[in-house]
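Written out below as structure tokens is the structure these notes cover.
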Amino acid sequence: MYILDDEGKDLLATVKEFCEKEVKEQCKEYDVSGEWPKDINDKASEMGLNALEVPEEYGGLGLNKTTIAALYEEMSKADAGLFTTMSAANLAMKPLLIAGREDQIQRAATLLLEGGYGAFCLTEPMAGSDASNNKTTAVKDGDDYIINGRKCFITNGGIADFYIVTAMTDKEKGVKGMSAFLVEKGTPGLSAGNEENKMGIRTSNTTDVVFEDMRVPASALIGEEGTGFVTCMETLDITRALMGIGATGIMQRCVDEAVAYSKQRITFGQPIGKFQAIQFMLADMEIKTETARQMSLHAMQLQEMGLPYSKESAIAKCYSGDMAVQVALDAIQILGGYGYSREYPVEKLLRDAKIFQLYEGTNQIQRMVISRSIMGKF
Ligand code: COS
């Protein structure tokens, strides 16, 4: 559980009500069609869920990390696609908070506070885990840069109001030749590809993002030339902890669904929840869920306190993602044939859970980050 102050409790109650009444059931049909539910997301943005992490000095709510975690978990419990849209919008502001100028931060904050979305464009067809292998180029032309390239699997790619774009300003320098830019929707040469037809989080928008002779002013550069890779790595160090919270939301929903089913499904003359085999499965699901929640919250609180958090964020993301898949499989097992049917919600939870082992760095990458952290250079 989360220990919330009064403001946190009030906000959580509001978000819970919204998710129960306007997200949970409604998302089922969008999960089938794969369409991004604009109406639901617009309502969530009106409530400020797309701008949860905008700092107070830029007009945001200035929420503490515990409240932020509780609100995101609630969203993910209702629909991990909604969680993905909202958290990605906030993620896109992080590189600016790390390395951007005041005017850039304020611009992105304003776009979010007006109900808009952001997109973080690092991944390319040949640069997923190997993120430094970007092929997109940014060539200086007078006071401008001309950007050419293609990004893929970009959350919010087709709906964003601003984009964080990485590109090579000097290919010879490897990771130290990568730079990051802030680009707004409508910039000539910027376009989004088709929506991905995904296995899960089907209510989130995922597209290619293409740059064809896209001209941006030098003022679009975030920080110094050549610092883009480190800025992105620092961004992901922060946001991976939150992915643990997203996975926790799925796990909590699995526990809730499995508990409810165990109490009403009768076999051999009694509810299946009376059998120790089911009770112990539920207990193990709960252990994993609460551990994932506390580890993810711990990593976020380290961030809040200004303490090192890179390893803890990776542990949170890795453990929670792996456990979300296991817990979703267990929920299906408890519901049996009904769990395998699309009429019940748990098969969607398994499809949604899988992404938490993949995005924001595969769990193999998290294990690299963790082992490097404990072993150092030798
Ligand atoms: N914070 C600050 N600096 C970092 C860093 C971090 N978390 N991670 C790496 N760096 C720095 C290194 O210190 C190094 O700088 P120096 O040469 O000055 O020492 C530089 O960046 C290159 O680092 P490294 O050699 O470790 O880079 P690699 O190419 O080996 O990549 C991994 C490291 C695998 C960790 C990185 O590519 C990664 O995280 N990949 C996954 C990407 C990802 O999460 N994609 C999801 C996209 S968003 S959905």
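Remember, it's 1-based here, ligands and their atoms both numbered in the order they're listed. Keep in mind it's a predicted model, so treat the numbers as computed, not measured.
Taking only nitrogen or oxygen atoms, main chain and side chain alike, Met368 does not reach within less than 3.5 Å of ligand 1. Checking only distances, Arg240 does come within under 3.5 Å of ligand 1, N or O to N or O. Some N or O of Ser129 is nearer than 3.5 Å to an N or O of ligand 1, by distance alone. The distance criterion of under 3.5 Å between nitrogen or oxygen atoms is not met by Ser310 with respect to ligand 1.
If you check which protein heavy atom lies closest to atom 26 (O) of ligand 1, you get Arg372 NH1, 2.6 Å.
For Cys318, the side-chain contact (heavy atoms from CB on, under 4.5 Å) criterion is met by Asp322, Asn363, Gln366, Arg367, not counting sequence neighbours.
Around atom 8 (N) of ligand 1, the closest heavy atom drawn from Lys377, Glu124, Met233 belongs to Met233.
A donor-acceptor pair shorter than 3.5 Å can be found between the side chains of Glu102 and Tyr58. A donor-acceptor contact under 3.5 angstrom links the side chains of Asp213 and Asn148, judged on distance only. At a cut-off of 3.5 Å, with distance as the only test, a side-chain donor of Tyr359 or Thr84 sits close to an acceptor on the other residue.
Of the heavy atoms in Phe229, only side-chain atoms (C-beta onward) come closer than 4.0 Å to ligand 1.
The closest approach between any non-hydrogen atom of Gly128 and ligand 1 is below 4.0 Å. The closest approach between a heavy atom of Ser132 and any atom of ligand 1 is below 4.0 Å.
In the hydrophobic cluster analysis, where Ile, Leu, Val, Met, Phe, Trp and Tyr join through side-chain heavy atoms closer than 4.5 angstrom, Ile365 is grouped apart from Phe229.
The backbone N or O of Gly200 sits nowhere less than 3.5 Å from a side-chain atom of Arg351 that would complete a donor-acceptor pair.
Here is the list of ligand 1 atoms found below 4.0 Å of a heavy atom in Leu236: 43 (C), 44 (O), 48 (S). Per-residue contacts place Gly361 under 4.0 angstrom from the following atoms of ligand 1 (heavy atoms of the residue considered): 43 (C), 44 (O), 45 (N), 46 (C). Here is the list of ligand 1 atoms found below 4.0 Å of a heavy atom in Asp237: 1 (N), 6 (C), 7 (N). Applying the 4.0 Å criterion to heavy atoms of Lys176 picks out, from ligand 1, the atoms 15 (O), 16 (P), 17 (O), 18 (O). Against a heavy-atom cut-off of under 4.0 Å, Glu234 is close to the following atoms of ligand 1: 1 (N), 2 (C).
Residues Asn133 and Glu124 approach most closely at O-OE1, 4.4 Å, considering heavy atoms.
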